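Both backbone and side-chain heavy atoms feed into the values below; hydrogens, waters and symmetry mates do not. All values reported here derive from a predicted model rather than from experimental measurement.
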Amino acid sequence: VESEEGRGSTFTVTIPVKKSDTVQQEAAKREQHSDKASLEGYHVLLVEDNRVNQRIAMRFLQRWSAEVTLAENGQEAMDIMAKASFDLVLMDLQMPIMDGYACARAIRQLDDPAKAGIPIIALTASALIEVQKEVLGAGMNDFVTKPFNPQDLYKKIAKQLR
């Protein structure tokens, strides 16, 4: 249980479930396919305040051999970007201190053209057209809805890095 007064609570439950042989074989195939994907040599800035989402995204990014730096809000991301360069930003939208929209706009205003032009992929729980328009309007290049499909995330990252 994680709880913050005035914001709400998050409950995490783990339920052990026995997989059938067919489900296990399909999962093994997907695992083999995702292990072949590689982001080796790329440095990704993950901007995400939720611990569970951090762990999930980090697990896949590291499995794909990406170097990952974590920021827990937009202001922290801006502070980190002032000191380091990245190939791509994965940006949560709803965060304290500075949200993803404001952070993306601030990145696009940086004096360094390489940093200002970095690909930004929004991580959002909403698939609404209005949110998609706002994401693109803030200067982000693409979006992935949470919970994300690892193959979809990889494809969008690979597309932006090419």
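Atom-to-atom distance recorded for M91:CE and I118:CD1 is 9.0 Å, nearest 0.5 angstrom. Atom CD of Q62 sits about 10.5 Å away from atom CD of E67, to the nearest 0.5 Å. Rounding to the nearest 0.5 Å gives a distance of 4.0 Å between CG of D142 and NZ of K156. Atoms CG and CZ, from N149 and F60 in turn, are 8.5 Å apart once rounded to the nearest 0.5 Å. The CE atom of M78 lies 4.5 Å from the CG atom of L110; values are rounded to the nearest 0.5 Å. Summarising the geometry, atom CG belonging to L70 is positioned 4.5 Å from atom CD belonging to Q54; distances are rounded to the nearest 0.5 Å.
With a 4.5 Å cut-off on side-chain heavy atoms, L61 and L90 count as touching. Counting heavy atoms from C-beta outward, E48 and I56 have side chains that stay 4.5 Å or more apart. Residues L46 and L123 form a side-chain contact, since some pair of their non-hydrogen atoms from C-beta on lies under 4.5 Å apart.
Listed here is the closest heavy atom pair of L93 and A122: CD2-CB, 3.9 Å. Taking each heavy atom of A77 and C103 in turn, the nearest pair found is CB-SG, 4.0 Å. Taking each heavy atom of G100 and M140 in turn, the nearest pair found is O-CE, 3.6 Å. Between N53 and N50, the shortest heavy-atom contact is N-OD1, 2.9 Å.
Hydrophobic clustering (side-chain heavy atoms under 4.5 Å, transitive across Ile, Leu, Val, Met, Phe, Trp, Tyr) groups F148 together with V52. A continuous path of Ile, Leu, Val, Met, Phe, Trp and Tyr side chains, each step under 4.5 Å between heavy atoms, connects L161 with V44, placing both in one hydrophobic cluster. I121 and L136 fall into different hydrophobic clusters, where Ile, Leu, Val, Met, Phe, Trp and Tyr side chains are chained together by heavy-atom contacts under 4.5 Å.
For S3, the side chain to side chain contact (heavy atoms under 4.5 Å, CB included) test picks out S9, with sequence neighbours left out. Residues that satisfy the side chain to side chain donor-acceptor pair (under 3.5 Å) test with T69, not counting sequence neighbours, are H43. Under the side chain to side chain donor-acceptor pair (under 3.5 Å) criterion, D152 pairs with no residue at all, not counting sequence neighbours.
Screening residues 84-96 for side-chain hydrogen bond (donor to acceptor under 3.5 Å, both in side chains), with sequence neighbours left out, gives D92-K146. Legend: side-chain hydrogen bond (donor to acceptor under 3.5 Å, both in side chains) pairs involving residues 99-112, not counting sequence neighbours, sorted by first then second residue: R108-N141. For residues 71-82, the side-chain hydrogen bond (donor to acceptor under 3.5 Å, both in side chains) pairs, not counting sequence neighbours, are R51-E72, Q75-D79.
Looking at K115, its side chain does come within 3.5 Å of a backbone N or O of M81 through a donor-acceptor pair. Without hydrogens or angle criteria, Y42 side chain to S65 main chain gives no donor-acceptor distance under 3.5 Å.
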